[in-house]
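See structure below.
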Amino acid sequence: MSSYATPVESENGRCPHFDAVDEKTLRRLFSKVAAVRSEDYDLFSFTHRPMEVYDGSDPRTERTVSEDHVYRQFSEEREGNFVVVIEGVVGTGKSELCAYLSHRLETEDDRPTLHIDKNDDLMTILSDRIPEFYEEHFGEELPGASEFKNLKSDIEHNPQTVANNATSGAILNLRRLDYEVETTADQENEIRDYVADKLVQLVQRGEYDRKVQFVGEKEFEQNDYLQIFEGDIQSSEAASAFDAELWREIRDRYDTASLDQVLERVGERFEDTRPVLVFEDFSIAAMEAKKLRNYMERDKTSDNWDFIIAGTHDSTEVLHTQTAGDRFEFYQTNTPNSNSVPFLTEQTAVDFVRPYLGYIKNHDESVRYDRDDDSFDLKPAPAGSICAECGFCDESFRDLFPFNEPFLRRIYTGLEEDQQSPRELIMVVFEVLRDFYDGIIEVPSSADVLKPLRNTVSVADAVYDEAEEYADLAKWYGVEEDTVVVIDRKFVDAFGLPVDGLPDEIEVGSQEVRVNKTGGTNPPPEGCPNCHAPVSKFITESDGTIKCGECSEIISRGRSSLEIKIEKAKQEVDSWLEKPQKYPDTNMYIRRGLRDLLKDLTDDFRLYEGQPLRYNLSSEKAPFVYPDSNDAPQWDQILLDREDFQRSDLRQLVEFGVRRVEKPRSANYEKMRERIGTQLTGYANRWRQRIFETQLDNENVLYKQHAQLDFSDFLLASYATLVLLDNPTKPVTAERLNERYQSDESLSLDPDLKKALKGVADKADYPHFSNAMDDAAYVESLVGEVFGVSASALDVPKVRRRLDRNSPYKVLQMLGRGYIQNIEARVRFETGHNVKDFADTMYDVRKVLDEVVKRGYDDETVDYVTSTVEGTDMDRVAEIYDSLRTYDGVDAEFREALGKVCRHSNEDVVAAGETARLAHELSSGDKFDRITAALASQKLSNLKVVTRFRGVPFAGKGGSSGDSIGGLFQEVSSHYVE
C-alpha cells in the first residue's frame, strides 16, 4: 500500500506534498542506517548518490576510485576467497557502499547474498543468519545449527551456568597445559560473574564498534581476580591463554564449530556461483575475527566466498596482516583525522541532499532527475502532477522546498570541518524538516538544530530586535550582496511572515525582500575628502590603515590586529546580548572572559579556598550556561544571567576576553574584579555549592540507603581510619585526632603494622592500605578546613560531637560502591588523585578491616605481653646479661638473643604493655574499637621488643614459666652461677 495519501489543500502556504507523505516514510528516508533505506530498492536507488572512496589502506595517498570500480572487483571466475574491506569512522558511508554493492551483486548478478547488519551479534550470526541462509538455498537444515541454538538459548536464559562450566573447565585446561594456576573460591566466583557478563554481550544486539572477548590484555591487568597465574608470565600471554581456554571449553561442551568452519561448510555447497557475505559492521568476537581472517586470507582454490567487510579502524585492525594486505582490497571512506569524505564537498552538498528531498515529491513524478554523468538536472513537472498544479515554487528550489540551495550549502559549511560527514549533514536536514513537518516551527530557519552551526550572515540589529524571524530567514535563505541580504519573496509568503509594520532595515518587494546587513564603523559616506572617490574605492591594508584607492589619501590610521578585534567585538555586544549564538566570536570572547575570571576567583576551581580539593573543569567547557540556552545546565554548571551586567561592563568584559585569547598577559584582572567582582563572587560561590550539591553531598553519591551523612563525615571517618593505621597504639578520639593534626610528621602506614597486615590480609587486598595513605595529606588538609578552629588546631568539641553521632566505621560501612561511581572523576584532590578513587579505596579498606577483625585479633600475643613481658625491669635484665657474659658455658644462641632484648628500655616495655591493655579493653567494644584492638594486637605481634623477648630460648636452660620474664632470667642466671 502506498505511503502517500491524496493531497488536500495545504495550510499556511506549505507544499502540498507534505500533506501527502507520512512520518514513517520520512524516518525511513532519512535513517542514519543505510540498511533501512536499502530494504526498499526503489527508495535506495532514487536517493543514492554515486560515491568515491580512497583506494588502499592509507587514504593519505588521496587516490580515489568510484563505487563502480569497487563493484567490478567482484568476479564469478575467481578461485579462492575474495575480500573487500571498507574502513572509516561512523557516519561516512560504509553502510551505504555495502548496500550499493550487495544490491548490484544480488539484483544484477543474481549472487546469493548473506547480509550481516550492525544489530547482529555473534550468536545470532551462528544460530540464525547462516542457518537461515543455508536453508533458503538448499532446503534443508544446516548441520550443527541446533548446537548453536542450544548454546544461544543457554546464554540467554542461563548465562551463569554456562559461565560456571566454562570457568571451571578453562582453569583445569590451563593446569593441564602446565600453567601454574592458583585460585581462591571467592576469586573463582568473581571470574564466573565476569564471564557471565561477557557471555551476555555475545547475544546483545545493537552494539557498535565493540569487540567481544573474554579476557583481553587490558582487562587482565585491570582486574586482580583474573590474575590467576603464578610465576613470571607476560600479561599478553596470560590473557591470550585464558581467553582461548574459555572459548575452547564452551565449544567443546556444546560441540559447536567456529565461524570460519561454518562458512567453509556452507561455501562448499555452492557449486555454480560464488556466495557473498556482507559484514556491515565487523565488530564481532575477537577470537572469531582472527579465525575468520585466517580463513579469508588462506590460499585455497576450492574456497568461493566473496566478502564485503565494513567497520571502523579499531574493529578491522585484526585484518591488517602482511598476507591480508597482499590479498584483500582495502578502501577508506573518510579523509585522515576527519569525518569528511571525498564525494561530499561544499560544491556537491546540495546535490547530495537533493534526491532525499526530491523523493518526497517523486511518487506522482512531480520530481524527476536526469542523472547523466552523475548530474541531478531537474526535469519539468509533468501535467497533472502536484508540482504542475501548485506552481508555487521556483525551479531553483522546487525539489528542495522547504529549503533552497543557500540553506543546504550553509548547513554543510556550518558543520565543524571534522564533522562534515554524510550522516551529520542528512541528520541536520532531517531534524529541520521533521520539526517543520510536525508544526513545531513555522519557519525552517528558526529550527533549534541550526543554532550551533556556524553562519556568518548577519543583519542589522533592529531586525533582531523587531523582526527576529527575518534575521533567521536572511541568515539561511538569503543571498548576500554589498550591503543587504536578498530573500526570495516566495519564502516569506510560504511561511506566513508579516510584511507590514517591519523596521526600516527590511524592504519588502513583490519579488524579493532586502534586509540590511550588520552595520559597523564605516568610512565617511561622502567618500574621499581629497578626490571625492566613492567609499567603494577605499582600500584597507593589513595594519588596518584605510586609504583611498584613487589618490592614496589616508582616511584613517591603522590599528593593531588586537585593537581591530576588540573594536569588532565591542560593536557586537548589544546583538550578542540578545542572541549569543549568532555572534560566535563575541560569544567566545565573553565566555572566555567570564570563565577565566571565575577560575581566578575560585583559585583554579578549588572547592575550598586554598585547599587541594578542586574540580578539573574541561578547558573547552564553561562553568555556566545562559538561562535562554537550548542546553540545560549540566551538573557542573550554573545559570548565569547576562542581564546581571551593565552593557558598559560587558564591553569591558569582551575586551578582557579578546586579550585573554589573543594576548593573555595584557588582560587586566584587577580592573575586571573592581568592575564586576561582586557579581562574579556570588556566581563563584554558587558554582562551588553546585558541585557540592551534585557531587559530594548528593543523596545519590557516596552513601547507600539515603544515609543522613555528608562529605565532611566521610572526610573525618577517613582521617580517623588513616590516623589509626598510622599508629594503632592509641584510641582514636577527638583529642587524638587533634594531636595528630598538629604533628609535623606525615601520615604513613605503621611499619610494624605493615608487616602484620601482609600476613593477615589477602595479597590482593593489602595494597588498599598503601593506596589510602597516598591521599592522606590531602585528607588531613581538608579536615583542617572543615573542622579546624585555627590554622594549627582542630575544633575538638565539634569533632567529638561528630564522632559521637557517627563512628568512623559506621560512616565507611555506609559507603556504596555503586553510589561512589556516581562521583565524577574530575572532582580531585590533586592531578591524578580523585575523590572517587579515594572513596573506592576507603570502601575496600573498610572491607579488609572487617576481615582483620574476624581473623586478626592476636589474643595470644596480648596475653603474652600482659602476663609475661609487662612489668619486666630492663635494668635488672641488663645486669643479668652482663653477668652471664662472663661465663664461658653460656649458650651462644641464648646470649645473642638476650643481648637483643637488652637493647630495649623500660619505656619500650611500658609502651608494649599499654598497647596490650588497649587491645584487650577495646576487643569487646563496638566495631571500630574491635578494629583498633585487632590492629593493636597485630602491631604487638611484630613489635621488636615483643619478638625479641619471644626469641630468647629458655627451654633446656633450667628455666620455667614465671610471673614475668624477669623471673625466667633469674632462674637462668642461677643455673649458670651455680
Determine yes or no for a side-chain-to-main-chain donor-acceptor pair under 3.5 angstrom, with [X] supplying the side chain and [Y] the backbone.
X: Arg274; Y: Arg78; answer: yes
X: Thr348; Y: Phe343; answer: yes
X: Glu230; Y: Glu180; answer: no
X: Lys94; Y: Glu87; answer: no
X: Lys836; Y: Glu824; answer: no
X: Glu141; Y: Glu135; answer: no
X: Arg293; Y: Val318; answer: yes
X: Asp303; Y: Arg298; answer: no
X: Asn81; Y: Trp305; answer: yes
X: Asn223; Y: Glu219; answer: yes

Looking only at non-hydrogen atoms, find the nearest pair between [X] and [Y] and report the distance.
X: Met51; Y: Leu97; result: SD-N, 3.8 Å
X: Val353; Y: Ile426; result: CG2-CD1, 4.4 Å
X: Val89; Y: Thr333; result: N-OG1, 4.5 Å
X: Asp351; Y: Pro355; result: O-CD, 3.0 Å
X: Phe46; Y: Gly358; result: CE2-C, 3.9 Å
X: Val215; Y: Tyr194; result: CA-OH, 4.0 Å

Within-4.5 Å side-chain heavy-atom neighbours: [X] and [Y]:
X: Asn616; Y: Asn834; value: no
X: Ser421; Y: Asn334; value: no
X: Leu344; Y: Gln420; value: no
X: Thr161; Y: Asp154; value: no
X: Leu259; Y: Ile130; value: yes
X: Tyr54; Y: Thr335; value: yes
X: Glu76; Y: Arg111; value: yes
X: Tyr331; Y: His69; value: yes

For [X] and [Y], does a side-chain donor sit closer than 3.5 Å to a side-chain acceptor?
X: Glu237; Y: Tyr179; answer: yes
X: Thr183; Y: Glu188; answer: yes
X: Asp260; Y: Ser258; answer: yes
X: Ser95; Y: Glu280; answer: yes
X: Glu140; Y: Tyr134; answer: yes
X: Glu106; Y: His115; answer: no
X: Arg192; Y: Ser168; answer: yes

Checklist entry - Please walk me through it: do His103 and Ser45 pass side chain to side chain contact (heavy atoms under 4.5 Å, CB included)? => result CA-CA 9 Å; His103 271 313; Ser45 299; over 6 Å; no

Item to check | Derivation of the side chain to side chain donor-acceptor pair (under 3.5 Å) call for Glu424 and Asn339 | outcome: CA-CA 9 Å; Glu424 290 293 334; Asn339 285 8; 5.4 Å; no

Straight-line distance of [X] [atom1] to [Y] [atom2], nearest 0.5 Å:
X: Ile116; Y: Cys98; atom1: CD1; atom2: SG; answer: 11.5 Å
X: Ile228; Y: Thr167; atom1: CD1; atom2: OG1; answer: 9.0 Å
X: Leu357; Y: Asn362; atom1: CG; atom2: CG; answer: 12.5 Å
X: Asp193; Y: Gln160; atom1: CG; atom2: CD; answer: 5.0 Å
X: Phe220; Y: Ser240; atom1: CZ; atom2: OG; answer: 11.0 Å
X: Lys198; Y: Phe214; atom1: NZ; atom2: CZ; answer: 9.0 Å

Next on the checklist: More than 12 heavy atoms of other residues, nucleotides or ligands under 6.0 Å from CD of Glu108: yes or no?
Outcome noted: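 Enclosed: over 12 neighbouring heavy atoms sit under 6.0 Å from CD of Glu108.
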
Item to check | CG (Asp326) with more than 12 external heavy atoms under 6.0 Å | outcome: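 Count over threshold, so yes.
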
Item to check | Full working for side chain to side chain contact (heavy atoms under 4.5 Å, CB included) between Phe133 and His137 | outcome: CA-CA 6 Å; Phe133 176 75; His137 288 279; 3.3 Å; yes

Next on the checklist: I'd like to know whether Glu297 forms a side chain to side chain donor-acceptor pair (under 3.5 Å) with Thr323, so could you lay out the CA-CA distance, the side-chain angles of the two residues, the decisive distance to 0.1 Å, and finally the verdict.
Outcome noted: CA-CA 7 Å; Glu297 70 181 13; Thr323 303; 4.5 Å; no

Checklist entry - Do the rings of Tyr100 and Tyr71 sit parallel, tilted or perpendicular, given the 30° and 60° boundaries? => result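 Tyr100 vs Tyr71 ring planes: perpendicular.
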
Next on the checklist: Looking at Glu245 and Arg248, is any side-chain nitrogen of the basic one under 4.0 Å from a carboxylate oxygen of the acidic one?
Outcome noted: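 Salt bridge flag = yes for Glu245 with Arg248.
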
Next on the checklist: Show, in sequence, the C-alpha distance, side-chain angles and deciding distance for Gln332 and His313, and conclude whether the side chain to side chain donor-acceptor pair (under 3.5 Å) test is met.
Outcome noted: CA-CA 9 Å; Gln332 304 285 323; His313 296 280; 3.3 Å; yes

Item to check | Stepwise side chain to side chain contact (heavy atoms under 4.5 Å, CB included) test for Tyr356 and Val429 | outcome: CA-CA 10 Å; Tyr356 286 82; Val429 172; over 6 Å; no

Checklist entry - Would Val432 and Phe403 count as a side chain to side chain contact (heavy atoms under 4.5 Å, CB included) if you check the C-alpha gap in whole Å, the side-chain angles of each, and the deciding distance to 0.1 Å? => result CA-CA 10 Å; Val432 175; Phe403 304 95; 3.6 Å; yes

Item to check | CA sep, side-chain torsions, deciding dist, call: Asp840, Gln821, side chain to side chain donor-acceptor pair (under 3.5 Å) | outcome: CA-CA 8 Å; Asp840 261 334; Gln821 298 311 306; 2.8 Å; yes

Item to check | Near-ring test Tyr369/Tyr359, centroid separation under 6.0 angstrom | outcome: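 Centroid separation for Tyr359 and Tyr369: 6.0 Å or greater.
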
